[in-house]
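Worksheet: one structure, shown below.
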Amino acid sequence: GGYAVVLSATVSMLLSDMENNWDVEAIFRLASWFAYHLSNVGFVWDWPVDQSMFVGRKSLFLQAVISGCLRLSFEERLKAVIPVELHTFIPRDRELDTNLSESMSSAEREVARNLVSRVLDKISVSELEHYISQSFGMTRVERRLDILMDVLLLLGSETLSHQMVLWERYGSLIKSFVERDAGNVDSERLRILNIVGDFWKNSEQHLSVLPEQLCLYGIVDDISYARWLFSEPRMTSCTQSWIWEVSLRLLDRLTAQIGR
């Protein structure tokens, strides 16, 4: 009702002051709250489309608001509500159907397809490990890990819940590949995180959730996660709200660990 209208109008007023007097964290905090507010009022707002909204801090704010709205709704619904000029802030969908063909030989693609069938059949960890060992023969362990991760990410791409189920079911197998060579555990954990980051590079929602799921299931640790977050490829995303959100959560966890 009137309360929602006043709140939206207040945010519009704040935008006029944002370019010169707001730091990035304040922008992302406001954007996070405002996206939640909009999700409760049908995303109704006098969405600004003037050119000033496409540069500087206002652009960061609008990008963060739309990213937050996408986490709380469906892309099709949001596109139907916001002006077409703002669709540029909606990330391009990932073409998942090409995933199993990228950088794979024909033999690896065949094994990957068979892996898909076996994972869908919910075979046990030991059965899946045996199949991988038999199928890949002398293939390097890290290559087996790459293809297994591709398959699990592809099958888990329907929803975050689907992905969590797969981590829970086959996380111990991923972890065994990672820890097989004690001297390379840290680099293999980074490999896992890079695979996830590359797979979901166009989805802030998945980037903000899946690496933390990997920590939750013990597949990677918080130190590796921190190194990945602050690596050069991720720093190109420092103007996106997700990396600030997860960095704050990670720092809270690390601080708690140090306190213990």
Side-chain angles (χ1 to χ4, degrees), residues 4 7-8 11-12 15 24 27-102 116 149-167 193 195-214 229 233-234 236-247 249:
L7 280 179
S8 297
V11 171
S12 296
L15 281 171
V24 175
I27 290 171
F28 287 149
R29 284 177 179 266
L30 177 63
S32 178
W33 166 81
F34 191 50
Y36 179 76
H37 164 71
L38 288 174
S39 74
N40 286 289
V41 296
F43 304 105
V44 175
W45 182 38
D46 185 14
W47 291 87
V49 295
D50 55 278
Q51 287 302 308
S52 67
M53 294 303 302
F54 294 84
V55 294
R57 286 176 168 81
K58 291 181 182 179
S59 176
L60 288 182
F61 174 76
L62 202 53
Q63 181 185 56
V65 169
I66 290 176
S67 174
C69 289
L70 283 170
R71 299 184 199 183
L72 299 165
S73 183
F74 300 99
E75 181 178 326
E76 294 75 15
R77 183 186 178 194
L78 195 61
K79 281 184 174 180
V81 175
I82 68 175
V84 67
E85 294 91 337
L86 302 183
H87 289 188
T88 185
F89 289 105
I90 297 177
R92 176 179 57 84
D93 287 338
R94 192 187 196 290
E95 297 177 357
L96 292 174
D97 59 335
T98 66
N99 184 61
L100 292 182
S101 65
E102 295 174 2
V116 167
M149 284 295 296
D150 274 350
V151 167
L152 294 180
L153 286 168
L154 181 65
L155 294 177
S157 62
E158 185 172 349
T159 68
L160 290 170
S161 296
H162 280 77
Q163 190 64 76
M164 183 172 284
V165 168
L166 291 175
W167 294 151
L193 290 164
I195 291 171
V196 173
D198 290 343
F199 190 95
W200 285 114
K201 60 185 176 183
N202 294 317
S203 173
E204 292 186 20
Q205 180 180 24
H206 289 84
L207 290 172
S208 67
V209 174
L210 294 189
E212 290 192 326
Q213 285 185 354
L214 293 174
L229 270 180
R234 302 285 82 73
T236 61
S237 303
C238 65
T239 58
Q240 298 174 357
S241 58
W242 73 269
I243 201 165
W244 290 74
E245 294 172 13
V246 300
S247 294
R249 292 200 297 266

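In what follows, residues are counted from 1 in the order of the sequence shown.
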Rounded to the nearest 0.5 angstrom, the CG-CD distance for Leu78 and Glu76 is 10.0 Å

For Val165, the side-chain contact (heavy atoms from CB on, under 4.5 Å) test, sequence neighbours excluded, returns Arg169

Check: More than 12 non-hydrogen atoms from neighbouring residues, nucleotides or ligands closer than 6.0 Å to CZ on Arg29, yes or no?
Finding: no

Heavy-atom nearest pair, Leu229 first then Ser247, reads CD1-OG, 3.9 Å

**Request:** Indicate yes or no: at least one non-hydrogen side-chain atom of Leu160 is less than 4.5 angstrom from one of Leu210.
**Result:** yes

Sequence neighbours excluded, the answer for side chain to side chain donor-acceptor pair (under 3.5 Å) partners of Trp47 is none

Residue pairs meeting salt bridge (Lys or Arg N to Asp or Glu O under 4.0 Å), one or both in residues 39-51, sequence neighbours left out, come to none

inquiry  = Would you say that Leu15 contacts Pro48 through its side chain, given a criterion of any heavy-atom pair below 4.5 Å between the two side chains?
reply    = yes

- Message: Could you check whether any side-chain N or O of Ser157 sits under 3.5 Å from a backbone N or O of Leu154, counting only pairs where one atom can act as donor and the other as acceptor?
- Response: yes

Distance col, row Met53:CE vs Leu60:CG, nearest 0.5 angstrom, shows 10.0 Å

By salt bridge (Lys or Arg N to Asp or Glu O under 4.0 Å), Arg77 pairs with (sequence neighbours left out) none

Interatomic distance, CD1@Ile82 vs CZ@Phe43, rounded to 0.5 Å, equals 10.0 Å

Residues at least two apart in sequence or cross-chain that pass side-chain contact (heavy atoms from CB on, under 4.5 Å) with Val11, listed by chain then number, are Trp33, Phe34, Trp45, Phe61

Residues at least two apart in sequence or cross-chain that pass side chain to side chain donor-acceptor pair (under 3.5 Å) with Thr159, listed by chain then number, are His162

Glu212 meets the side chain to side chain donor-acceptor pair (under 3.5 Å) criterion, sequence neighbours left out, with Arg249, Arg253

Separation between CG (Leu207) and CZ (Phe199), nearest 0.5 Å, reads 11.5 Å

So the side chain to side chain donor-acceptor pair (under 3.5 Å) pairs with at least one residue in residues 34-44 (sequence neighbours excluded) are none

Rounded to the nearest 0.5 Å, the CG atom of Leu62 sits from the CD1 atom of Ile66 at a distance of 4.5 Å

Value for CD (Gln163) from CG (Leu152), rounded to nearest 0.5 Å, stands at 7.0 Å

Only residue of Ser67, Cys69, Ser59 satisfying side-chain contact (heavy atoms from CB on, under 4.5 Å) with Phe89 is Ser59

Of all heavy-atom pairs linking Gly42 and Val81, the shortest is O-CG1, 4.0 Å

